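First comes the structure, then the notes that go with it.
Along the sequence shown, residues carry numbers from 1. Please read these numbers as outputs of a predicted model, since none were measured by experiment.
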Amino acid sequence: MTSIGIAMLLVIILIVAGVPIMYAFLAAALGLVVILGLDPSFIVSYGYDSTNAVVLLCVPLYVCVGTIMAKSNIGSALINFVDLFVGRIRGGLGIAGVFASAIFGAISGSTTATLTCIGPIVIPKMIEDGYPRGHAAALITNACPLGYFIPPSALMIIFAWSARQSILACFLATVLPGIILAALLSATNVVMLRNVKNLKSEEKIPSSEIVREVFSRVKWSVPAILMPVIILGGTYSGVFTPTESAAIAIFYAVPVGMLIYKKLTWKALYETLADSATTTGVIMVMIFCVMVLSRIMVMQDLPSVITDFLHSISNSKYVILMFINIVLIILGMIMDDTSSMLLAVPILMPIARSFGIDPIQLGAIMGMNLGLGLITPPCAMMLYFGSRVSKVPVAEMMKPTLMFIAFAWVPTLLLTTYIPALSLWLPRLVLGKGF
(Lines give C-alpha, C1' and ligand atoms only; values in the text may rest on other atoms or scores of the structure.)
Protein backbone atom coordinates (compact mmCIF):
# COMPACT_ATOMS: atom_id res chain seq x y z
CA MET A 1 0.00 0.00 0.00
CA THR A 2 3.06 2.24 0.22
CA SER A 3 2.98 2.61 -3.57
CA ILE A 4 -0.64 3.86 -3.41
CA GLY A 5 0.36 6.44 -0.81
CA ILE A 6 3.25 7.62 -2.98
CA ALA A 7 0.92 7.90 -5.97
CA MET A 8 -1.63 10.01 -4.06
CA LEU A 9 1.15 12.21 -2.67
CA LEU A 10 2.36 12.72 -6.25
CA VAL A 11 -1.17 13.72 -7.33
CA ILE A 12 -1.39 16.31 -4.54
CA ILE A 13 2.07 17.75 -5.28
CA LEU A 14 1.33 18.05 -9.00
CA ILE A 15 -2.08 19.69 -8.41
CA VAL A 16 -0.53 22.20 -5.98
CA ALA A 17 2.20 22.89 -8.55
CA GLY A 18 -0.49 23.83 -11.07
CA VAL A 19 -0.44 20.72 -13.27
CA PRO A 20 -3.91 20.02 -14.77
CA ILE A 21 -5.72 17.43 -12.67
CA MET A 22 -6.09 14.86 -15.46
CA TYR A 23 -2.34 14.88 -16.13
CA ALA A 24 -1.64 14.59 -12.41
CA PHE A 25 -3.77 11.43 -12.30
CA LEU A 26 -2.14 10.05 -15.43
CA ALA A 27 1.34 10.65 -13.98
CA ALA A 28 0.35 8.81 -10.81
CA ALA A 29 -1.05 5.92 -12.86
CA LEU A 30 2.14 5.68 -14.93
CA GLY A 31 4.18 5.76 -11.72
CA LEU A 32 2.18 2.86 -10.28
CA VAL A 33 2.54 0.88 -13.51
CA VAL A 34 6.34 1.19 -13.20
CA ILE A 35 6.49 0.54 -9.44
CA LEU A 36 4.12 -2.44 -9.55
CA GLY A 37 5.56 -3.88 -12.74
CA LEU A 38 2.24 -3.83 -14.61
CA ASP A 39 1.91 -4.23 -18.36
CA PRO A 40 1.96 -0.67 -19.81
CA SER A 41 -0.68 -1.66 -22.37
CA PHE A 42 -3.07 -1.94 -19.43
CA ILE A 43 -3.44 1.85 -19.37
CA VAL A 44 -4.51 2.10 -22.99
CA SER A 45 -6.76 -0.96 -23.04
CA TYR A 46 -8.58 -0.27 -19.77
CA GLY A 47 -8.80 3.47 -20.41
CA TYR A 48 -10.34 2.84 -23.82
CA ASP A 49 -12.82 0.31 -22.45
CA SER A 50 -13.82 2.79 -19.72
CA THR A 51 -14.63 5.60 -22.14
CA ASN A 52 -16.24 3.36 -24.78
CA ALA A 53 -19.73 3.46 -23.23
CA VAL A 54 -22.93 4.60 -24.91
CA VAL A 55 -24.25 6.17 -21.73
CA LEU A 56 -21.32 8.62 -21.71
CA LEU A 57 -22.80 10.21 -24.84
CA CYS A 58 -25.16 11.97 -22.42
CA VAL A 59 -22.30 14.03 -21.06
CA PRO A 60 -21.22 15.89 -24.25
CA LEU A 61 -24.85 16.30 -25.29
CA TYR A 62 -25.84 17.91 -21.99
CA VAL A 63 -22.69 20.06 -22.13
CA CYS A 64 -23.89 21.29 -25.53
CA VAL A 65 -27.41 21.96 -24.21
CA GLY A 66 -25.99 23.98 -21.32
CA THR A 67 -23.86 26.10 -23.63
CA ILE A 68 -26.80 26.74 -25.97
CA MET A 69 -28.94 27.81 -23.01
CA ALA A 70 -26.22 30.14 -21.75
CA LYS A 71 -26.11 31.91 -25.14
CA SER A 72 -29.91 32.13 -25.39
CA ASN A 73 -32.25 34.20 -23.22
CA ILE A 74 -33.55 31.17 -21.32
CA GLY A 75 -32.06 32.26 -17.98
CA SER A 76 -33.96 35.55 -18.03
CA ALA A 77 -37.20 33.74 -18.91
CA LEU A 78 -36.79 31.37 -15.96
CA ILE A 79 -36.15 34.24 -13.52
CA ASN A 80 -39.24 36.14 -14.75
CA PHE A 81 -41.36 33.03 -14.36
CA VAL A 82 -40.30 32.28 -10.77
CA ASP A 83 -40.42 35.98 -9.85
CA LEU A 84 -44.11 35.95 -10.78
CA PHE A 85 -44.81 33.85 -7.66
CA VAL A 86 -42.31 35.26 -5.14
CA GLY A 87 -41.43 38.72 -6.42
CA ARG A 88 -43.58 40.55 -3.87
CA ILE A 89 -42.02 38.73 -0.90
CA ARG A 90 -39.22 40.55 0.93
CA GLY A 91 -36.16 38.85 -0.54
CA GLY A 92 -38.29 37.40 -3.33
CA LEU A 93 -35.82 38.21 -6.11
CA GLY A 94 -33.23 36.11 -4.28
CA ILE A 95 -35.71 33.22 -4.09
CA ALA A 96 -36.38 33.60 -7.82
CA GLY A 97 -32.62 33.44 -8.45
CA VAL A 98 -32.31 30.26 -6.37
CA PHE A 99 -35.06 28.36 -8.15
CA ALA A 100 -34.06 29.68 -11.59
CA SER A 101 -30.53 28.39 -10.87
CA ALA A 102 -31.98 25.01 -9.91
CA ILE A 103 -34.00 24.72 -13.12
CA PHE A 104 -31.24 26.04 -15.39
CA GLY A 105 -28.59 23.93 -13.65
CA ALA A 106 -30.72 20.83 -14.01
CA ILE A 107 -31.01 21.24 -17.77
CA SER A 108 -27.43 22.37 -18.39
CA GLY A 109 -25.84 19.99 -15.88
CA SER A 110 -23.08 22.54 -15.24
CA THR A 111 -22.51 24.79 -12.23
CA THR A 112 -20.26 27.12 -14.20
CA ALA A 113 -22.77 27.46 -17.06
CA THR A 114 -25.50 28.21 -14.52
CA LEU A 115 -23.47 30.88 -12.76
CA THR A 116 -22.35 32.35 -16.09
CA CYS A 117 -25.95 32.63 -17.31
CA ILE A 118 -28.00 33.39 -14.16
CA GLY A 119 -25.39 35.44 -12.27
CA PRO A 120 -24.99 38.40 -14.65
CA ILE A 121 -28.79 38.65 -14.96
CA VAL A 122 -29.94 38.47 -11.36
CA ILE A 123 -26.99 39.65 -9.22
CA PRO A 124 -26.90 43.25 -10.59
CA LYS A 125 -30.70 43.41 -10.27
CA MET A 126 -30.49 42.25 -6.63
CA ILE A 127 -27.82 44.87 -5.83
CA GLU A 128 -29.96 47.53 -7.52
CA ASP A 129 -32.91 46.48 -5.32
CA GLY A 130 -30.92 47.01 -2.12
CA TYR A 131 -29.39 43.56 -1.47
CA PRO A 132 -25.89 43.71 0.05
CA ARG A 133 -23.38 42.94 -2.70
CA GLY A 134 -21.75 40.04 -0.87
CA HIS A 135 -25.13 38.53 -0.01
CA ALA A 136 -26.38 38.67 -3.61
CA ALA A 137 -23.23 37.12 -5.08
CA ALA A 138 -22.99 34.46 -2.35
CA LEU A 139 -26.63 33.40 -2.68
CA ILE A 140 -26.50 32.77 -6.42
CA THR A 141 -23.09 31.08 -6.15
CA ASN A 142 -24.47 28.75 -3.46
CA ALA A 143 -27.52 28.02 -5.60
CA CYS A 144 -25.62 27.01 -8.74
CA PRO A 145 -24.75 23.45 -7.55
CA LEU A 146 -28.51 22.77 -7.25
CA GLY A 147 -28.29 21.52 -10.82
CA TYR A 148 -26.56 18.42 -9.42
CA PHE A 149 -29.74 17.43 -7.63
CA ILE A 150 -32.62 18.35 -9.93
CA PRO A 151 -32.64 15.90 -12.88
CA PRO A 152 -31.35 15.45 -15.46
CA SER A 153 -27.90 15.76 -13.87
CA ALA A 154 -24.66 15.09 -15.75
CA LEU A 155 -22.87 14.33 -12.47
CA MET A 156 -25.46 11.68 -11.54
CA ILE A 157 -25.05 10.15 -15.01
CA ILE A 158 -21.33 9.76 -14.32
CA PHE A 159 -22.07 8.25 -10.89
CA ALA A 160 -24.61 5.81 -12.33
CA TRP A 161 -22.19 4.74 -15.06
CA SER A 162 -19.20 4.25 -12.76
CA ALA A 163 -21.26 2.57 -10.01
CA ARG A 164 -23.26 0.41 -12.44
CA GLN A 165 -26.58 1.74 -11.14
CA SER A 166 -29.82 2.82 -12.80
CA ILE A 167 -29.53 6.33 -14.23
CA LEU A 168 -33.22 7.01 -13.57
CA ALA A 169 -32.90 5.88 -9.94
CA CYS A 170 -29.88 8.16 -9.46
CA PHE A 171 -31.78 11.05 -11.02
CA LEU A 172 -34.70 10.59 -8.62
CA ALA A 173 -32.52 10.04 -5.54
CA THR A 174 -31.40 13.66 -5.45
CA VAL A 175 -34.75 15.35 -6.13
CA LEU A 176 -35.98 15.66 -2.53
CA PRO A 177 -32.56 16.73 -1.16
CA GLY A 178 -32.38 19.31 -3.95
CA ILE A 179 -35.82 20.72 -3.13
CA ILE A 180 -34.95 20.88 0.58
CA LEU A 181 -31.67 22.65 -0.17
CA ALA A 182 -33.41 25.20 -2.43
CA ALA A 183 -36.04 25.84 0.25
CA LEU A 184 -33.41 26.27 3.00
CA LEU A 185 -31.31 28.60 0.85
CA SER A 186 -34.42 30.68 0.18
CA ALA A 187 -35.46 30.73 3.84
CA THR A 188 -31.94 31.63 5.01
CA ASN A 189 -31.88 34.40 2.41
CA VAL A 190 -35.12 35.88 3.77
CA VAL A 191 -33.98 35.69 7.41
CA MET A 192 -30.60 37.28 6.64
CA LEU A 193 -32.35 40.22 4.96
CA ARG A 194 -34.72 40.97 7.85
CA ASN A 195 -32.66 43.96 9.07
CA VAL A 196 -31.64 45.30 5.67
CA LYS A 197 -33.19 48.71 5.07
CA ASN A 198 -34.31 50.06 1.71
CA LEU A 199 -34.76 46.56 0.31
CA LYS A 200 -37.08 46.76 -2.68
CA SER A 201 -39.69 44.20 -3.63
CA GLU A 202 -41.67 43.98 -6.82
CA GLU A 203 -44.69 46.23 -6.75
CA LYS A 204 -48.07 44.62 -6.32
CA ILE A 205 -49.79 44.07 -9.64
CA PRO A 206 -53.12 45.92 -9.87
CA SER A 207 -56.06 43.53 -9.97
CA SER A 208 -56.99 44.78 -13.43
CA GLU A 209 -53.50 43.88 -14.71
CA ILE A 210 -53.05 40.48 -13.01
CA VAL A 211 -54.44 38.31 -15.79
CA ARG A 212 -52.53 40.10 -18.53
CA GLU A 213 -49.24 40.08 -16.55
CA VAL A 214 -49.56 36.39 -15.66
CA PHE A 215 -50.38 35.49 -19.26
CA SER A 216 -47.47 37.55 -20.59
CA ARG A 217 -44.87 36.03 -18.26
CA VAL A 218 -46.13 32.48 -18.62
CA LYS A 219 -46.21 32.81 -22.41
CA TRP A 220 -42.61 34.06 -22.41
CA SER A 221 -41.41 31.37 -19.98
CA VAL A 222 -43.25 28.28 -21.26
CA PRO A 223 -40.66 27.33 -23.95
CA ALA A 224 -37.91 27.31 -21.29
CA ILE A 225 -40.04 25.44 -18.74
CA LEU A 226 -41.11 22.83 -21.30
CA MET A 227 -37.54 21.64 -21.87
CA PRO A 228 -37.16 19.71 -18.56
CA VAL A 229 -40.80 18.58 -18.83
CA ILE A 230 -40.19 17.02 -22.25
CA ILE A 231 -36.86 15.49 -21.25
CA LEU A 232 -38.00 14.00 -17.94
CA GLY A 233 -41.48 13.05 -19.14
CA GLY A 234 -40.09 11.19 -22.12
CA THR A 235 -37.35 9.51 -20.09
CA TYR A 236 -39.49 8.31 -17.18
CA SER A 237 -42.34 7.22 -19.47
CA GLY A 238 -39.90 5.05 -21.40
CA VAL A 239 -40.39 6.87 -24.70
CA PHE A 240 -36.65 7.44 -24.99
CA THR A 241 -33.48 6.65 -23.06
CA PRO A 242 -31.45 9.23 -21.07
CA THR A 243 -28.97 9.41 -23.97
CA GLU A 244 -31.75 10.00 -26.48
CA SER A 245 -33.30 12.62 -24.19
CA ALA A 246 -30.02 14.57 -24.22
CA ALA A 247 -30.04 14.59 -28.04
CA ILE A 248 -33.70 15.67 -28.12
CA ALA A 249 -32.84 18.50 -25.71
CA ILE A 250 -30.40 19.91 -28.28
CA PHE A 251 -32.93 19.70 -31.12
CA TYR A 252 -35.39 21.53 -28.87
CA ALA A 253 -32.97 24.15 -27.49
CA VAL A 254 -31.67 25.37 -30.87
CA PRO A 255 -34.99 26.54 -32.38
CA VAL A 256 -36.13 27.90 -29.01
CA GLY A 257 -32.96 29.97 -28.69
CA MET A 258 -33.05 31.13 -32.31
CA LEU A 259 -36.72 31.63 -33.11
CA ILE A 260 -38.40 32.38 -29.78
CA TYR A 261 -35.82 34.10 -27.56
CA LYS A 262 -33.82 35.25 -30.62
CA LYS A 263 -30.48 35.44 -28.77
CA LEU A 264 -28.88 32.42 -30.42
CA THR A 265 -27.29 33.30 -33.77
CA TRP A 266 -25.63 30.98 -36.26
CA LYS A 267 -22.25 32.35 -35.21
CA ALA A 268 -23.10 31.72 -31.54
CA LEU A 269 -24.26 28.19 -32.41
CA TYR A 270 -20.96 27.48 -34.15
CA GLU A 271 -19.07 28.79 -31.10
CA THR A 272 -21.31 26.66 -28.89
CA LEU A 273 -20.51 23.49 -30.82
CA ALA A 274 -16.78 24.30 -30.77
CA ASP A 275 -16.82 25.00 -27.01
CA SER A 276 -18.82 21.84 -26.37
CA ALA A 277 -16.36 19.75 -28.39
CA THR A 278 -13.44 21.20 -26.42
CA THR A 279 -15.15 20.62 -23.08
CA THR A 280 -16.12 17.09 -24.11
CA GLY A 281 -12.53 16.32 -25.03
CA VAL A 282 -11.34 17.50 -21.62
CA ILE A 283 -14.00 15.41 -19.85
CA MET A 284 -13.22 12.24 -21.80
CA VAL A 285 -9.47 12.59 -21.20
CA MET A 286 -10.29 13.16 -17.53
CA ILE A 287 -12.39 9.99 -17.43
CA PHE A 288 -9.60 8.06 -19.16
CA CYS A 289 -6.91 9.18 -16.69
CA VAL A 290 -8.93 8.92 -13.48
CA MET A 291 -10.49 5.55 -14.28
CA VAL A 292 -7.05 4.02 -14.96
CA LEU A 293 -5.71 5.25 -11.61
CA SER A 294 -8.81 4.15 -9.68
CA ARG A 295 -8.67 0.72 -11.35
CA ILE A 296 -5.08 0.21 -10.24
CA MET A 297 -6.11 1.14 -6.69
CA VAL A 298 -8.93 -1.40 -6.81
CA MET A 299 -6.52 -4.04 -8.16
CA GLN A 300 -4.31 -3.34 -5.15
CA ASP A 301 -7.35 -4.05 -2.93
CA LEU A 302 -7.42 -0.53 -1.50
CA PRO A 303 -11.20 -0.65 -0.77
CA SER A 304 -10.77 -3.80 1.35
CA VAL A 305 -7.87 -2.28 3.26
CA ILE A 306 -9.92 0.84 4.04
CA THR A 307 -12.96 -1.29 4.95
CA ASP A 308 -10.94 -3.41 7.40
CA PHE A 309 -9.48 -0.26 8.92
CA LEU A 310 -12.92 1.30 9.36
CA HIS A 311 -14.29 -1.91 10.88
CA SER A 312 -11.45 -1.78 13.41
CA ILE A 313 -12.58 1.73 14.37
CA SER A 314 -16.33 1.23 14.46
CA ASN A 315 -19.06 -1.04 13.14
CA SER A 316 -21.60 1.77 13.24
CA LYS A 317 -22.95 2.72 9.83
CA TYR A 318 -23.52 6.27 11.06
CA VAL A 319 -19.88 6.75 12.02
CA ILE A 320 -18.77 5.44 8.63
CA LEU A 321 -21.19 7.78 6.87
CA MET A 322 -19.60 10.72 8.68
CA PHE A 323 -16.17 9.50 7.56
CA ILE A 324 -17.39 9.26 3.95
CA ASN A 325 -18.79 12.79 4.17
CA ILE A 326 -15.49 14.22 5.40
CA VAL A 327 -13.51 12.48 2.65
CA LEU A 328 -15.90 13.66 -0.06
CA ILE A 329 -15.98 17.27 1.11
CA ILE A 330 -12.16 17.37 1.05
CA LEU A 331 -12.12 15.84 -2.44
CA GLY A 332 -14.72 18.35 -3.62
CA MET A 333 -12.62 21.22 -2.29
CA ILE A 334 -9.40 20.29 -4.11
CA MET A 335 -10.70 18.65 -7.31
CA ASP A 336 -13.40 19.25 -9.87
CA ASP A 337 -16.66 17.33 -9.52
CA THR A 338 -16.03 14.84 -12.35
CA SER A 339 -12.57 13.85 -11.10
CA SER A 340 -13.76 13.49 -7.51
CA MET A 341 -16.71 11.33 -8.53
CA LEU A 342 -14.68 9.04 -10.79
CA LEU A 343 -11.93 8.57 -8.21
CA ALA A 344 -14.20 8.06 -5.20
CA VAL A 345 -16.88 5.72 -6.58
CA PRO A 346 -14.73 2.58 -7.13
CA ILE A 347 -13.18 3.01 -3.68
CA LEU A 348 -16.22 4.01 -1.63
CA MET A 349 -18.80 1.72 -3.23
CA PRO A 350 -17.41 -1.54 -1.73
CA ILE A 351 -17.05 0.22 1.64
CA ALA A 352 -20.66 1.42 1.53
CA ARG A 353 -21.94 -2.05 0.63
CA SER A 354 -20.02 -3.68 3.47
CA PHE A 355 -21.74 -1.37 5.96
CA GLY A 356 -25.20 -1.82 4.45
CA ILE A 357 -25.41 1.61 2.77
CA ASP A 358 -27.60 1.60 -0.34
CA PRO A 359 -25.65 2.53 -3.51
CA ILE A 360 -28.37 4.94 -4.62
CA GLN A 361 -28.24 6.74 -1.27
CA LEU A 362 -24.45 6.90 -1.62
CA GLY A 363 -24.94 8.64 -4.97
CA ALA A 364 -27.11 11.31 -3.35
CA ILE A 365 -24.58 11.75 -0.54
CA MET A 366 -21.71 12.07 -3.01
CA GLY A 367 -23.55 14.65 -5.12
CA MET A 368 -24.37 16.71 -2.02
CA ASN A 369 -20.80 16.61 -0.70
CA LEU A 370 -19.18 17.46 -4.02
CA GLY A 371 -21.56 20.39 -4.44
CA LEU A 372 -20.71 21.59 -0.93
CA GLY A 373 -16.99 21.23 -1.60
CA LEU A 374 -17.25 23.69 -4.48
CA ILE A 375 -18.30 26.54 -2.19
CA THR A 376 -16.49 25.56 1.03
CA PRO A 377 -13.46 27.67 2.06
CA PRO A 378 -10.49 27.67 1.83
CA CYS A 379 -10.45 26.23 -1.71
CA ALA A 380 -14.06 27.01 -2.80
CA MET A 381 -13.52 26.98 -6.57
CA MET A 382 -17.07 28.17 -7.32
CA LEU A 383 -16.74 30.97 -4.78
CA TYR A 384 -13.81 32.46 -6.69
CA PHE A 385 -15.60 31.97 -9.99
CA GLY A 386 -18.69 33.65 -8.52
CA SER A 387 -16.54 36.57 -7.45
CA ARG A 388 -15.23 36.95 -11.00
CA VAL A 389 -18.70 36.76 -12.55
CA SER A 390 -20.32 39.15 -10.06
CA LYS A 391 -17.27 41.46 -9.68
CA VAL A 392 -17.74 41.24 -5.90
CA PRO A 393 -14.63 40.50 -3.77
CA VAL A 394 -14.51 37.06 -2.16
CA ALA A 395 -14.07 38.74 1.24
CA GLU A 396 -17.56 40.26 0.93
CA MET A 397 -19.03 36.91 -0.07
CA MET A 398 -17.39 34.90 2.73
CA LYS A 399 -19.69 35.71 5.69
CA PRO A 400 -22.99 35.12 3.85
CA THR A 401 -21.53 31.98 2.27
CA LEU A 402 -20.71 30.55 5.70
CA MET A 403 -24.29 31.34 6.77
CA PHE A 404 -25.71 29.52 3.75
CA ILE A 405 -23.42 26.57 4.41
CA ALA A 406 -24.38 26.39 8.10
CA PHE A 407 -28.14 26.80 7.71
CA ALA A 408 -28.85 25.29 4.29
CA TRP A 409 -26.09 22.98 3.04
CA VAL A 410 -25.14 21.24 6.28
CA PRO A 411 -28.73 20.47 7.40
CA THR A 412 -29.56 19.08 3.94
CA LEU A 413 -26.40 16.98 3.91
CA LEU A 414 -27.14 15.53 7.35
CA LEU A 415 -30.73 14.74 6.37
CA THR A 416 -29.58 13.03 3.17
CA THR A 417 -26.93 11.08 5.08
CA TYR A 418 -28.96 9.85 8.03
CA ILE A 419 -32.46 9.55 6.57
CA PRO A 420 -32.14 7.01 3.72
CA ALA A 421 -35.80 7.40 2.76
CA LEU A 422 -35.06 10.93 1.61
CA SER A 423 -33.07 9.60 -1.35
CA LEU A 424 -34.72 6.17 -1.74
CA TRP A 425 -38.44 6.93 -1.44
CA LEU A 426 -38.90 8.58 -4.86
CA PRO A 427 -36.95 5.94 -6.86
CA ARG A 428 -38.99 3.20 -5.19
CA LEU A 429 -42.23 5.06 -5.80
CA VAL A 430 -41.56 5.65 -9.50
CA LEU A 431 -39.46 2.63 -10.46
CA GLY A 432 -40.61 0.04 -7.91
CA LYS A 433 -38.80 -1.54 -4.99
CA GLY A 434 -36.43 -3.53 -7.19
CA PHE A 435 -35.13 -0.57 -9.19
Side-chain angles (χ1 to χ4, degrees), residues 51-78 81 100-118 121 144 146-161 167-168 170-171 220-287 337-338:
T51 55
N52 188 25
V54 174
V55 69
L56 288 180
L57 285 174
C58 293
V59 177
L61 292 174
Y62 278 124
V63 167
C64 187
V65 171
T67 311
I68 290 173
M69 290 180 64
K71 291 183 179 295
S72 304
N73 204 27
I74 294 178
S76 180
L78 292 174
F81 177 74
S101 297
I103 298 171
F104 186 95
I107 303 171
S108 68
S110 168
T111 55
T112 54
T114 302
L115 189 53
T116 301
C117 180
I118 301 295
I121 297 172
C144 286
L146 281 168
Y148 286 162
F149 317 123
I150 311 299
S153 165
L155 190 65
M156 286 298 103
I157 291 173
I158 291 175
F159 171 82
W161 166 75
I167 292 179
L168 297 183
C170 293
F171 278 176
W220 179 249
S221 306
V222 160
I225 301 298
L226 276 179
M227 185 182 289
V229 173
I230 293 172
I231 294 171
L232 297 179
T235 301
Y236 290 123
S237 65
V239 176
F240 39 75
T241 66
T243 303
E244 292 167 345
S245 73
I248 289 170
I250 292 178
F251 283 104
Y252 180 83
V254 171
V256 166
M258 283 188 168
L259 304 178
I260 298 179
Y261 296 119
K262 299 180 180 179
K263 289 288 185 178
L264 184 65
T265 63
W266 287 108
K267 180 180 179 181
L269 180 60
Y270 173 79
E271 292 173 352
T272 294
L273 296 176
D275 291 344
S276 300
T278 302
T279 304
T280 299
V282 172
I283 291 174
M284 297 309 291
V285 172
M286 181 81 71
I287 291 174
D337 46 11
T338 302

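Between Ile118 and Ser101 the shortest heavy-atom distance is CG2-OG, 3.6 Å. In plain terms, the two heavy atoms of Ile157 and Ile167 that are nearest each other are CG1-CG2, 4.3 Å. Leu269 and Met258 make their closest contact through CD2-CE, 3.7 Å (heavy atoms, listed as atom of the first residue, atom of the second, distance). Between Met156 and Phe171 the shortest heavy-atom distance is CB-CD2, 4.1 Å.
Residue pairs meeting the salt bridge (charged side-chain N to carboxylate O under 4.0 Å, His left out) criterion with at least one member in residues 264-274, sequence neighbours excluded, are Lys71-Glu271.
Expressed to the nearest 0.5 Å, how far CD1 of Ile158 lies from SG of Cys170 amounts to 12.0 Å.
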